[in-house]
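Comments concern the structure below.
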4 protein chains.
Amino acid sequence: MPKRTFNRLDDDKKERVMRAAIEEFLARGYEAAKIETIAQTAGVAKGSLYQYFDDKKDLFLYSVTWAIEYFMKSIDRQTPLKDMDVYDYFLSSGRERYELMKREPLLAAFSLDVASGKYNSLTREINSEYKRIGEEYELRLIANGKRRGTVRDDLDDKTLLLFFQGVTEKFTGEIMAKAEGFKSDPTEEQLCGMENLMKSMVSLLKQGMGR
Amino acid sequence: MPKRTFNRLDDDKKERVMRAAIEEFLARGYEAAKIETIAQTAGVAKGSLYQYFDDKKDLFLYSVTWAIEYFMKSIDRQTPLKDMDVYDYFLSSGRERYELMKREPLLAAFSLDVASGKYNSLTREINSEYKRIGEEYELRLIANGKRRGTVRDDLDDKTLLLFFQGVTEKFTGEIMAKAEGFKSDPTEEQLCGMENLMKSMVSLLKQGMGR
Amino acid sequence: MPKRTFNRLDDDKKERVMRAAIEEFLARGYEAAKIETIAQTAGVAKGSLYQYFDDKKDLFLYSVTWAIEYFMKSIDRQTPLKDMDVYDYFLSSGRERYELMKREPLLAAFSLDVASGKYNSLTREINSEYKRIGEEYELRLIANGKRRGTVRDDLDDKTLLLFFQGVTEKFTGEIMAKAEGFKSDPTEEQLCGMENLMKSMVSLLKQGMGR
Amino acid sequence: MPKRTFNRLDDDKKERVMRAAIEEFLARGYEAAKIETIAQTAGVAKGSLYQYFDDKKDLFLYSVTWAIEYFMKSIDRQTPLKDMDVYDYFLSSGRERYELMKREPLLAAFSLDVASGKYNSLTREINSEYKRIGEEYELRLIANGKRRGTVRDDLDDKTLLLFFQGVTEKFTGEIMAKAEGFKSDPTEEQLCGMENLMKSMVSLLKQGMGR
DNA sequence: TATGAATGAGACTTCATTCAT
DNA sequence: AATGAATGAAGTCTCATTCAT
């Protein structure tokens, strides 16, 4: 957890620090990430980081928290998701989701890495705390689906969750990799490719776990 | 690539070294892995490792190669796979596959990590070489399926591959984690759980990408 | 080149570091010199040296620069050398030069080693830069001599330079070795010996390259 | 000193070993020279070197001895030097000396480095033994010169020796460097340049220490 | 609070030397 | 005697963390 000092910072600096940290952790991995680089990128002194966080690990762990919270906020804002269907969850958004990845490729990529288990040695301890946040949401989607009869009920929820996560993580990774490819502005054609990929995924999900 | 020196070693020592390396890389990740520890575990001198390999990276890269080759051999031996169906691919083996993981949890876990993209920063260069080996096999399964009408043909092979990999990697990871749990000897009940998980996975795969 | 960090140090510490480095390089040669020893002698932490310089080589190269510059300053201060004669160049100073060597035996010995080509494998790259500084000066002396008729003009300047350098380097080395011998305070007799050696050298130079 | 084992080797292998050692020491300096490389170049096993010599230092010291002895033999063969004049010593040979350097650039360069004090930290101990060999010869030349009146007698022999060595070492170094430049076959023009350089040197020596 | 120099534990790597075959 | 694998001491360099200003 960040120290009191960090919370007192103005939002801009807070954000600069967190983005710098995430950028570095994403690019190099936890071990190879350099505090020095993070400080430079954020435009603060190396020593300052130690006034904000206990140590490197603390900074990393909060990076995870921060990224997830940031994403949650964004997604919440976009999808009211009150009582949404598993399949619609993705279809409804389509291009929107892609836009989010496009707008925040850093956070998206980082979250994906965290979710898919890189950094596991570090996050195992916090998994119970953070991973569950996402899972809870997804489990609710599944439960909803079962209730309204769009999700098969011959498999238990946890198994379905595995399926759901496996598929979505893989496709998200692929989309991210592609987005990485056409850096600046994707052509309409490329956007279409993205949407088709999304649609394919939803179709596979639907058939796979549908009734 | 290992140096000539390594190839000249007797098989036992070669295996000890590779297993020690894999164990360490798996447990700590590439950066945090210590050459010293690997040497001790393997029962050789630190300096010897540098007679076998150019440097840490070289050792790591060969660990990947070695693990994959080891697995290939084992799997090939078990499944004739001449003209096998995607779904049977997993079902047929069931307990067998589980036994393999149980027998070689180290290699299994390591391979999974490699396959699912941890170490990507290191393996990207060799991915084209090794990752493709696995993918090729899987693509063939998919093509087979399409030909005989058990796999839907409204999606292209690469998309189906993503789906297939996403699901199988996730389930394999879960099984591995469970296996980790009941270290020594799994009860019959636990083995059943495993098999059920496998069956569920196959069912989800079948429905999802089936026709 | 030293990093910014080094230049910001107070002069005392800068000097301590450079002298420690030169002392070690002189005593052991480049390869055998230990960073650890330099740090200890300078009274700084090993790591600090790496905040000042990129690596051992960088430190060494700057040691050369530093020593030469230090010497240049001292010599410039003592000899106005506007339009000086080759032979007077040494004679004029005599005891003075000896005093300099006595005062800065470290720098003198180090410079001599550098000038006479030890460390050539390292300094070849910078030779063009630094060696030329000294040579330029000496070539000017030779040109002066030719112009005013005190230096023979049947040999070209570069050949005369070889001669000049060969003789002066050898004698300087000898003087240095002797000075080393009577550590603390040389007796009047010893000082005389020095002066005689200088005079002999000048006499040999004069006859050799004189007209 | 080499062990008995070394002396028992056939001459070819002995020579291969010594040349390999000298090549490596010359190229890299004592500290950086690798036993491994020497062994490979000589075409013997690393371990064998330790059957021939006590250790690296022993091998180095004998390299010096071997090179000097080799040179002595060659020079002796060419110049009867019974009662030769200092100046003739060089003039007489001229192209011959150059040929020697050309024929044995390795040994020539190595000897020069040894003579001019590189490796001093190692050879100081043996200087008394080997350096004196050359010096003795040169001192005799000087004494001869004084006796027959071609060398000034207002300076003592040791001073004249310094002068003599300073000049000859520097010029030899220059010639060697040039020879290095036109590797394989020097043109007649280049050979002439060499001879002129030699003549210039002798002229400077003659004037400088002549009467 | 902010800064950035100082610190030193610790990791990788090299290589002279030993030793078993 | 010859070989080349084995060894581990020792050295360079990195970088998280501390600390004085």
Side-chain angles (χ1 to χ4, degrees), chain A residues 3-6 8-9 13 31-40 43-59, chain B residues 3-6 8-10 13 31-40 42-59, chain C residues 3-6 8-10 13 31-40 42-59, chain D residues 3-6 8-9 13 31-40 43-59:
Chain A
K3 299 181 184 173
R4 211 168 348 92
T5 342
F6 182 70
R8 287 198 192 128
L9 295 178
K13 190 182 266 189
E31 298 288 346
K34 288 192 247 182
I35 292 289
E36 171 89 53
T37 306
I38 295 175
Q40 274 173 11
V44 300
K46 198 176 6 167
S48 297
L49 291 182
Y50 283 86
Q51 303 225 329
Y52 307 152
F53 299 92
D54 282 333
D55 52 21
K56 194 184 181 182
K57 194 173 172 185
D58 189 26
L59 172 55
Chain B
K3 299 183 184 173
R4 227 198 304 99
T5 335
F6 182 71
R8 284 191 196 143
L9 295 179
D10 58 287
K13 191 181 266 190
E31 300 286 349
K34 287 191 251 179
I35 291 288
E36 173 88 57
T37 306
I38 295 175
Q40 275 172 9
V44 303
K46 200 179 1 166
S48 297
L49 290 183
Y50 285 88
Q51 291 219 322
Y52 307 152
F53 300 92
D54 281 332
D55 51 21
K56 194 183 178 182
K57 192 176 172 184
D58 191 29
L59 172 55
Chain C
K3 299 182 184 174
R4 230 204 296 101
T5 336
F6 182 71
R8 285 188 194 146
L9 295 180
D10 58 287
K13 189 181 269 189
E31 300 286 349
K34 286 191 250 178
I35 291 288
E36 174 88 57
T37 306
I38 296 176
Q40 275 172 9
V44 301
K46 200 184 355 168
S48 296
L49 291 183
Y50 285 88
Q51 291 220 319
Y52 307 152
F53 300 92
D54 281 334
D55 50 22
K56 194 183 180 182
K57 191 176 174 185
D58 190 28
L59 173 54
Chain D
K3 299 182 182 174
R4 205 160 4 84
T5 342
F6 181 71
R8 286 197 193 130
L9 295 179
K13 191 182 263 190
E31 299 287 347
K34 286 191 249 182
I35 293 289
E36 170 89 52
T37 305
I38 295 175
Q40 274 173 10
V44 301
K46 197 173 12 163
S48 298
L49 291 183
Y50 283 86
Q51 303 225 330
Y52 307 151
F53 300 92
D54 283 333
D55 51 22
K56 193 183 181 183
K57 194 174 172 183
D58 189 28
L59 173 54

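Chain letters run A, B, ... following the sequence lines, proteins first and then strands; every chain starts at 1. Here the structure is a predicted model, which is why all the values come from computation and not from measurement.
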Could you tell me how far apart Leu59(C) (CG) and dG11(F) (C1') are, to the nearest whole angstrom? 15 Å
At 4.0 Å (heavy atoms only), tell me whether Ala39(C) reaches a base, stays on the sugar-phosphate, or touches nothing. nothing
Heavy atoms from C-beta onward define the side chain here; which of dA5(F), dA2(F), dT3(E) lies closest to that of Val44(A)? dT3(E)
note: Asp58(A), atom CG; dT17(F), atom P; distance rounded to Å ~ 10 Å
To the nearest angstrom, the CD1-P distance between Ile35(A) and dA5(E) comes to 17 Å
Has Ser48(C) got a side-chain N or O lying under 4.0 Å from the OP1 or OP2 atom of dT7(E)? yes
Grab the CG-C1' distance between Asp55(B) and dA11(E) for me, whole Å please. 13 Å
Picking from dT13(E), dC15(E), dA1(F), which would you name as closest to the side chain of Lys56(B)? dT13(E)
Contacts of Gly47(C) and Lys34(B) projected onto DNA chain E by closest heavy atom; the upstream (5') one is Gly47(C)
Quick check: closest heavy atoms across Lys46(C) and Glu36(C), and the distance to 0.1 Å? CE-OE1, 3.6 Å
In whole angstroms, the gap separating P of dT13(E) from CD of Glu36(B) amounts to 13 Å
The nucleotide from dA6(F), dA5(E), dT12(F) with an atom nearest the side chain of Gln51(B) is dA6(F)
Where do Thr5(C) and Gln51(C) come nearest, in terms of heavy atoms and distance? OG1-O, 2.9 Å
Measure from CD1 on Ile38(D) to C1' on dT17(E) and round the result to the nearest Å. 14 Å
Between the base of dG10(E) and the side chain of Lys46(C), is there any donor-acceptor pair under 3.5 Å? yes
For a quick test of reading the model: is some side-chain N or O of Arg8(B) closer than 4.0 Å to OP1 or OP2 of dG4(F)? no
For dT21(E), which nucleotide is its Watson-Crick or G-U wobble mate, given both distances must be under 3.5 Å? dA2(F)
Mind checking if Ala32(B) touches a base, just sugar-phosphate, or nothing, with heavy atoms under 4.0 Å? nothing
Please confirm whether the shortest side-chain N or O distance from Tyr50(B) to OP1 or OP2 of dT14(E) is below 4.0 Å. no
Which of these nucleotides, dA6(F), dG8(E), dA16(F), is closest to any side-chain atom of Leu9(B)? dA6(F)
Tell me: CD of Glu31(A) to P of dT14(F), nearest whole Å? 17 Å
Would you say dA6(E) has OP1 or OP2 under 4.0 Å from some side-chain N or O of Tyr52(C)? yes
Looking at Lys13(D), I'd like to know whether one of its side-chain N or O atoms comes within less than 4.0 Å of OP1 or OP2 on dA2(F). yes
Grab the CG-P distance between Leu49(B) and dA9(F) for me, whole Å please. 16 Å
